[in-house]
Peer 1: 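My questions all concern the structure below.
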Amino acid sequence: MSAAARWALPVAFATLAACGGGGKTVGALGAEADSADQVMFGVKQYLTNLGVKEAYLRADSAFIYEATGRVDMRKVGVTFFSPEGVQVTTLTSRTGIYWMRTNMMSASGNVIVVRTSDGATLHTDFLQYDPAKNQVTTDRPFVADKGAQHIEGDHGFTCDPGFVNCSVQGARGTAGRLVMPGQ
């Protein structure tokens with residue numbers, strides 16, 4: 001899956017012509033909804049590339065601001081798939097912001113990423129994806145767990161989108177049991 005495609009899901013918001021009901025009214029959401037160019041509820045959107053499912057986005061609500069190119073989402077869930085269409089990770093957060101002009105996206109508020117293959121988890125309060133740098137970053141404290149491995153950081157990290165190559169400042173944790181090969 002291309003880096004831009006992974007986070008370009010909310011572009012679909014700008015192309016949707018209709019909004020779902022769900023019993024909510026724009027007035028009940030306050031000034032944010034009043035100033036949005038478009039408001040959508042119960043958002044569910046698949047992103048595909050050449051017929052292959054790349055991601056599935058769910059959001060309780062989305063507010064589109066065309067002048068600034070910003071999409072604000074609430075109660076966000078994204079499931080990411082491999083190029084073969086196999087589920088790879090899920091991300092959930094209280095809110096998300098997508099910038100249509102730069103394809104940058106951030107998730108905030110109880111951000112949880114779970115890798116499907118091994119159940120590894122990442123918890124933080126803020127996560128940002130920058131497609132120009134092909135990096136996932138946070139400057140906030142985080143906790144990552146995979147089995148007996150546990151890593152915490154107070155000053156964030158910078159990783160590739162697959163979370164394989166990471167740079168962490170002030171990390172601490174446990175690596176689980178280390179078994180050296182026999183001689």
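Nothing fancy with the numbering, it's 1 onward along the sequence.
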Peer 1: In the structure I gave you, are the side-chain heavy atoms of S106 and Y129 within less than 4.5 Å of one another anywhere?
Peer 2: no
Peer 1: May I ask you to test the L122-F142 pair for a side-chain heavy-atom distance under 4.5 Å?
Peer 2: yes
Peer 1: Run the numbers on R58 and Q45 for side-chain contact (heavy atoms from CB on, under 4.5 Å), then give the verdict.
Peer 2: CA-CA 7 Å; R58 300 161 312 282; Q45 179 69 39; over 6 Å; no
Peer 1: List in chain and number order the residues that pass side-chain contact (heavy atoms from CB on, under 4.5 Å) with T116, two or more places apart in sequence or in another chain; answer none if no residue qualifies.
Peer 2: Q87
Peer 1: Heavy atoms, side chains only, cut-off 4.5 Å: are I97 and R70 in contact?
Peer 2: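 When only atoms from C-beta onward are counted, R70 and I97 do touch, with a gap below 4.5 Å.
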Peer 1: What disulfide (SG to SG under 2.5 Å) pairs are there with at least one residue in residues 57-137, not counting sequence neighbours?
Peer 2: none
Peer 1: Would you say the side chain of V71 lies within less than 4.5 Å of the side chain of M100, judging by non-hydrogen atoms?
Peer 2: yes
Peer 1: Quick one: does any side-chain atom of T124 pair with a main-chain N or O of N110 as donor and acceptor, under 3.5 Å?
Peer 2: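 No.
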Peer 1: Which heavy atom of T174 sits nearest a heavy atom of A148, and at what distance?
Peer 2: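 That closest heavy-atom pairing would be OG1-O, 3.3 Å.
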Peer 1: How would you list, by chain and number, every residue that makes a side-chain hydrogen bond (donor to acceptor under 3.5 Å, both in side chains) with T121, sequence neighbours excluded?
Peer 2: none
Peer 1: I need the Y56 OH to K44 NZ distance, nearest 0.5 Å.
Peer 2: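 Spacing of OH (Y56) from NZ (K44) equals 5.0 Å.
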Peer 1: Applying salt bridge (Lys or Arg N to Asp or Glu O under 4.0 Å) as the test, list every pair that has at least one member in residues 86-99; sequence neighbours left out.
Peer 2: none
Peer 1: Listed by chain and number, what are the side-chain hydrogen bond (donor to acceptor under 3.5 Å, both in side chains) partners of D139, not counting sequence neighbours?
Peer 2: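 If we apply the side-chain hydrogen bond (donor to acceptor under 3.5 Å, both in side chains) test to D139, skipping adjacent residues, there are no hits.
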Peer 1: Restricting to non-hydrogen atoms, name the atom on Y65 and the atom on S35 that form the minimum distance, rounded to 0.1 Å.
Peer 2: CE2-OG, 3.6 Å
Peer 1: Sorted by first residue and then second, give each disulfide (SG to SG under 2.5 Å) pair with at least one member in residues 53-140; sequence neighbours left out.
Peer 2: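 Found none.
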Peer 1: Report the hydrophobic cluster partners of V114, with the cluster defined as I, L, V, M, F, W, Y residues connected by side-chain heavy atoms closer than 4.5 angstrom, directly or transitively.
Peer 2: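 The other cluster members (ILVMFWY side chains, heavy atoms under 4.5 Å, direct or chained) are I112.
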Peer 1: Report the residues that fulfil side-chain hydrogen bond (donor to acceptor under 3.5 Å, both in side chains) with S108, sequence neighbours left out, ordered by chain and then residue number.
Peer 2: T95
Peer 1: Return the minimal non-hydrogen interatomic distance between V52 and S82, and the atom names on each side.
Peer 2: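 For V52 versus S82, the nearest heavy atoms are CG1-O, 4.3 Å.
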Peer 1: Can you name the nearest heavy-atom pair linking R74 to F63, along with the distance?
Peer 2: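 Closest pair (atom of R74, atom of F63, distance): CG-CE1, 4.0 Å.
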Peer 1: Under the salt bridge (Lys or Arg N to Asp or Glu O under 4.0 Å) definition, can you give me all pairs with a residue in residues 125-138, not counting sequence neighbours?
Peer 2: D125-R140
Peer 1: With a 4.5 Å heavy-atom cut-off, do T138 and T158 have their side chains touching?
Peer 2: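 With C-beta onward as the side chain, the pair stays apart.
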Peer 1: Are L127 and V136 side-chain neighbours, meaning at least one heavy-atom pair lies under 4.5 Å?
Peer 2: yes
Peer 1: Table please: side-chain donor-acceptor pairs of residues 166-173 below 3.5 Å, with sequence neighbours left out.
Peer 2:
from: R172; atom 1: NH1; to: D154; atom 2: OD2; distance (Å): 3.2
from: R172; atom 1: NH2; to: E152; atom 2: OE1; distance (Å): 3.4
from: R172; atom 1: NH2; to: D154; atom 2: OD1; distance (Å): 3.2

Peer 1: Assess the residue pair F80 and L91 against the criterion (side-chain contact (heavy atoms from CB on, under 4.5 Å)); give the C-alpha distance rounded to whole Å, side-chain angles, the decisive distance to 0.1 Å, and a yes or no.
Peer 2: CA-CA 8 Å; F80 297 100; L91 175 146; 4.3 Å; yes
Peer 1: Please report the shortest heavy-atom distance between F81 and V88, naming the atom on each side.
Peer 2: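 Looks like C-CG2, 3.7 Å.
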Peer 1: For side chain to side chain donor-acceptor pair (under 3.5 Å), just list the numbers for Q135 and Q128, CA-CA rounded to whole Å, side-chain angles, deciding distance to a tenth of an Å, and then say yes or no.
Peer 2: CA-CA 8 Å; Q135 292 180 339; Q128 180 169 303; over 6 Å; no
Peer 1: Enumerate the salt bridge (Lys or Arg N to Asp or Glu O under 4.0 Å) contacts for residues 99-119, please, sequence neighbours excluded, ordered by first and then second residue.
Peer 2: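 The answer is R115-D118, D118-K146.
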Peer 1: In chain order, what residues pass the side-chain contact (heavy atoms from CB on, under 4.5 Å) check against K75, with sequence neighbours excluded?
Peer 2: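 With neighbours one apart ignored, the set is D60.
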